[in-house]
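I have placed the structure first, in the form of structure tokens, so that the comments after it can refer back to it.
These numbers come from the heavy atoms of this one structure, side chains and all, not from hydrogens, waters or symmetry mates. Nothing here was measured: the structure is a model prediction, and the numbers come from that model. Convention: sequence-line order gives letters A, B, ...; per-chain numbering from 1.
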Amino acid sequence: MSDLLSSLNPEQRAAITLPDESALILAGAGSGKTRVLTTRIAWLIQSERVRPAEVLAVTFTNKAAREMMTRINTLLPINLRGIWIGTFHGLCNRMLRAHYQQAELPQTFQILDSADQLSALKRLLKSLNIDGEKYPPKQVQYFINQAKEQGLRPAGVDANDPFSQQCVELYAAYHTQCQREGVVDFAELLLRSYELLARNTEISAHYQARFKHILVDEFQDTNTLQYAWLKQLAGLSGAVFAVGDDDQSIYAFRGANVGNMRDFEREFRVRHLIRLEQNYRSHGHILDAANALISNNTRRLGKNLRTDAGCGERVRIVGAATDAQEALWLVSEVRTLSQKGVPLDQIAVLYRSNAQSRALEHTLVSTGIPYRVTGGLRFFERAEIKHALAYLRLIENADDDTAFMRAVNFPARGIGARTLELLNDTAHQRNSSLHAAATQLAGKAAAHLNRFIQLLEALRAQSQGLRLPDAVQHVIDASGLIEHYRAEREGQDRIENLRELVNAALAFVQEEHDEIISALNDETTPLSAFLAHASLEAGDNQAHAGQAAVQLMTVHAAKGLEFTAVFITGLEEGLFPHQNSILDASGLEEERRLMYVAMTRARAHLYLSFAQSRMLHGQSRSNLCSRFLDELPEQALKHQALNRTSEMSRAPRHGAPRTARASWTQQASSQSVTRRIQSEFGARQSKTAFGFYIGQTVSHAVFGNGTITAFEGNGADTRAQVNFGRHGAKWLALSIAKLQPATSR
DNA sequence: CTAATCTCAGTTTTT
DNA sequence: CTGAGATTAG
């Protein structure tokens, strides 16, 4: 027991050894959060306060769940049979499989991922003859998911405007469609599981009695429904150990409710609130800067990180003339770091939005620095994989219309829009699945359709006796997918991926025998379990590990990771903070938390950079540098001057250096702190256009006085973004709008 | 029915 | 500038 608790600080130890009641742990960035969580579980079991089967731990990502399992196993090398560790969705799936009848689901129910859900909705809109322009499928999807995440069924949604009323009806129709098809979307997994517990006192009592300890990771990211589910599961007696950091809440945009932390404190009668404020990751200056930044947010639960490490290096701030030069500077710094002995995979390049990666990648490729982009398409989301899975899904459940639509004419077998329209109508009239309608229709209407139905029959029959990997192999061959891709120019990669799918099935079957995982899904078939696995765990973003490479990713993707050196790029108003979040205070605070997360990823070296002009949407635009730079304490910073001449002479193409330099007029920089920062390292006043400059106060005949915040475009097309205060921000073409320099008050 | 061409919007993302 | 989705020509 003592070794479990050795080398922990007093707060960590206190958290780990708390009594059997609910507790809230405010765990700052780099404070050993995962360690506390896993050690708590190991300690509870080792001291025989609970058996493994009485513990439930929930995370947001599969990666986190796996890591937790591994670390507990390292701390406590005993059989953990019966412990429930997984994602919210994974655990709900598990529960629904065990009680599928009470949950009113078919035993073989399948899970729709977001893309599947969207195509299901598009199909629904079409069959109801609803204008997709007026009701964009994406918005309907958002509406439905939001309702579900509030725990609401169609009858419970308040709809006061025509749009919402229509959405409610679509929600109801969509629900009927899902029920008929035997499919559930992600939000449905949670809601169904919640309802199962809420309505069925026996089942609810069973789980409440069983799970004496419930542990929640990243609690600040829970949404309303997840919180309600936890409450239902814990009952009155369960001890919920919630670990989170309100300062790292960056998912409000998808429904996360930081307010859950306050509610939790009250509703679970939390007597133990422990703050983990000792940071084991970042050097002093980095932490000082991050602390100063986040202190600009209001409504915090309050927390300040400290470190025993020295001040370390100052945070470096760099302004470049163009995005291309920013990238070149980055490359030279990466080289320097590498020469100093920092491994490439310990260097992260972060950005606010994915679109920014392109320019960086371009430069990295041309300078020969190996890099790896995290994010983007994952294995099970690839088109060819989804096609193969669609055939497998149809074997399992012929009524799965989403899978049917995906497979029916891919590879092309002469079943076009016309036939499918007819099929859709037939199915809608008879209230049957597409497959059922197709069997009726096949004889008379289309021989092609008939052949497809027969193909499905054959696949089902032939895969019957096969083991899962063999069945997968058979399906990708007999469906014609391999043949189809063989004929395609760039089909080779896709064929490789399909072969990889067979390997994935093989690995999955083997893992099923693994003791840790085997407790799951005793009742379902291997195929059904594999399909659920494919939906719930979309697979790695990037398959090729191997060689050490610089890590490129969005700030969101970097959460939970740490690196020796971190570059945060594109620190410009409109980019970071993002344009769409600048308007309201809560959006801005989330952007600030995002910046905080980004900064606290760094151990020893932190670089913040911006460009005065950048290519965006095919146009060059100029922005002020980010307001977040103004919020950092001067003593923790080092403004690094770009050696303009040498950098520019090295610039290969792009980067019209001459015009850029010529335009750096020396303006008096009395108004803005931002400009002061810019002038300190020689970047000076931002770009001018038509004699106007960024930050200038101008007056407009209609909107009155405003401040220029950005330029975009060139020549006669040049437009300026002007913030007119209560009139909002407007883009005005300088050749048209008659702007006047405002006279000072 | 398919392939080529046009239009248009364009954060962040896990399950 | 890009990629998705719709529209139109073959």
Side-chain angles (χ1 to χ4, degrees), chain A residues 58-65 86-93 111-119 122 132-133 136-138 142 145 148-149 184-191 193 217-218 221-223 225-226 249-256 323 350-359 362 374-378 380-381 383 409-421 446 448 532-539 541 553-560 570 574-583 587 590-591 593-595 597-598 614-621 654 713:
Chain A
V58 60
T59 62
F60 276 86
T61 66
N62 292 297
K63 193 177 157 202
T87 62
F88 278 100
H89 295 84
L91 297 177
C92 287
N93 176 49
I111 301 161
L112 301 183
D113 65 19
S114 315
D116 293 337
Q117 183 190 29
L118 190 63
S119 60
K122 283 179 184 167
E133 296 273 283
K138 279 237 170 78
Y142 176 79
N145 288 339
K148 288 188 180 184
E149 280 162 14
V184 295
D185 57 48
F186 286 139
E188 186 72 22
L189 277 174
L190 286 158
L191 182 51
S193 173
D217 192 15
E218 306 277 17
D221 288 338
T222 52
N223 64 33
L225 180 55
Q226 286 158 342
S249 160
I250 55 174
Y251 285 109
F253 75 92
R254 66 170 196 218
D323 49 349
L350 309 183
Y351 35 81
R352 176 63 179 83
S353 63
N354 282 307
Q356 290 164 251
S357 79
R358 221 164 247 289
H362 178 83
T374 301
L377 212 53
R378 280 143 353 137
F380 287 108
E381 289 170 355
N409 196 36
F410 196 97
R413 37 177 82 86
I415 304 173
R418 187 75 190 283
T419 312
L420 291 176
E421 211 169 293
H448 295 303
H533 166 81
S535 297
L536 289 173
E537 184 162 1
N541 301 84
M553 65 189 88
T554 64
V555 179
H556 282 92
K559 188 175 166 199
L575 252 177
F576 198 177
H578 192 273
Q579 192 64 55
N580 301 358
S581 306
I582 283 181
L583 305 161
E590 180 145 318
E591 295 286 315
R593 290 194 293 270
L594 205 44
M595 179 71 182
V597 168
R614 148 181 330 268
M615 289 298 283
L616 206 67
H617 307 325
Q619 280 188 313
S620 127
R621 59 177 285 174
H654 303 320

Positive for side-chain contact (heavy atoms from CB on, under 4.5 Å) with Phe186(A), one of Leu536(A), Asp116(A), Leu112(A): Leu536(A)

Kindly check if the number of other-residue, nucleotide or ligand heavy atoms within 6.0 Å of OH (Tyr142(A)) is above 12? no

Quick one: does Arg621(A)'s side chain get under 4.5 Å of Met615(A)'s, heavy atoms only? no

Result for side-chain contact (heavy atoms from CB on, under 4.5 Å) between Phe88(A) and one of Thr222(A), Leu189(A), Asn223(A) points to Thr222(A)

Just how far, in rounded Å, is C1' of dT14(B) from CD of Glu218(A)? 12 Å

Value in whole Å for how far the C1' atom of dT15(B) lies from CG of Asp217(A): 15 Å

So how far is it from Thr59(A) OG1 to Asp221(A) CG, rounded to the nearest 0.5 Å? 11.5 Å

Name the pairs: protein N/O against N/O of nucleotides 2-9 of chain B, kept only if under 3.5 Å.
from: dT2(B); atom 1: OP2; to: Asn409(A); atom 2: ND2; distance (Å): 3.3

Would you say Phe253(A) stacks on dT12(B), if stacking means ring centres under 5.5 Å apart and planes within less than 30 degrees? yes

Can a side chain N or O of Asn62(A) be found less than 4.0 Å away from OP1 or OP2 on dT15(B)? yes

Could you tell me how far apart Gln117(A) (CD) and dT14(B) (C1') are, to the nearest whole angstrom? 13 Å

CG of Leu536(A) versus C1' of dT15(B): gap in Å, rounded? 7 Å

Step-by-step side chain to side chain donor-acceptor pair (under 3.5 Å) determination, Ser114(A) to Gln117(A): CA-CA 5 Å; Ser114(A) 315; Gln117(A) 183 190 29; 5.4 Å; no

According to a strict under-4.0 Å criterion, is Ser114(A) in side-chain N/O contact with OP1 or OP2 of dT14(B)? no

Separation of atom NZ in Lys63(A) from atom P in dT15(B), rounded to whole Å: 10 Å

Starting from the C-alpha separation in whole Å, work towards a yes-or-no answer on ring pair (Phe, Tyr, Trp, His ring centres under 6.0 Å) for His578(A) and Phe253(A). CA-CA 13 Å; His578(A) 192 273; Phe253(A) 75 92; over 10 Å; no

Which part of the nucleic acid, if any, lies within reach of Glu591(A) when heavy atoms closer than 4.0 Å are counted: base, sugar-phosphate only, or nothing? base

Gln356(A) CD - dT12(B) C1' separation (whole Å): 11 Å

Measure the shortest side-chain to side-chain distance between His448(A) and Thr419(A) over non-hydrogen atoms and say whether it is less than 4.5 angstrom. no

Separation of atom CZ in Arg352(A) from atom P in dT13(B), rounded to whole Å: 8 Å

What does Tyr251(A) touch in the nucleic acid at a heavy-atom separation under 4.0 angstrom: a base, only the sugar-phosphate, or nothing? sugar-phosphate

Planes under 30° and centres closer than 5.5 Å, is that true for His556(A) with the base of dT12(B)? no

Contact letters for nucleotides 1-8 of chain C, in which S counts primed atoms plus P, OP1 and OP2 and B counts the base, heavy atoms under 4.0 Å: BSS-S---

Contact under 4.0 Å: Asn354(A) side-chain N or O vs dT13(B) OP1/OP2: yes

Contact check, side chains of Lys148(A) and Asp185(A), non-hydrogen atoms, under 4.5 Å: yes

Rounded at 0.5 Å granularity, tell me how far CZ in Arg358(A) sits from OH in Tyr351(A). 11.0 Å

Rounded to the nearest angstrom, tell me the gap between atom CD in Glu421(A) and atom C1' in dC1(B). 14 Å

For dT15(B), does OP1 or OP2 lie under 4.0 Å from any side-chain N or O of Arg378(A)? yes

Please check the phosphate of dT11(B) (OP1 and OP2 only) for any side-chain N or O of Thr554(A) closer than 4.0 Å. no

Nearest-nucleotide comparison on DNA chain B, the residue closer to the 5′ end among Arg418(A) and Thr61(A): Arg418(A)

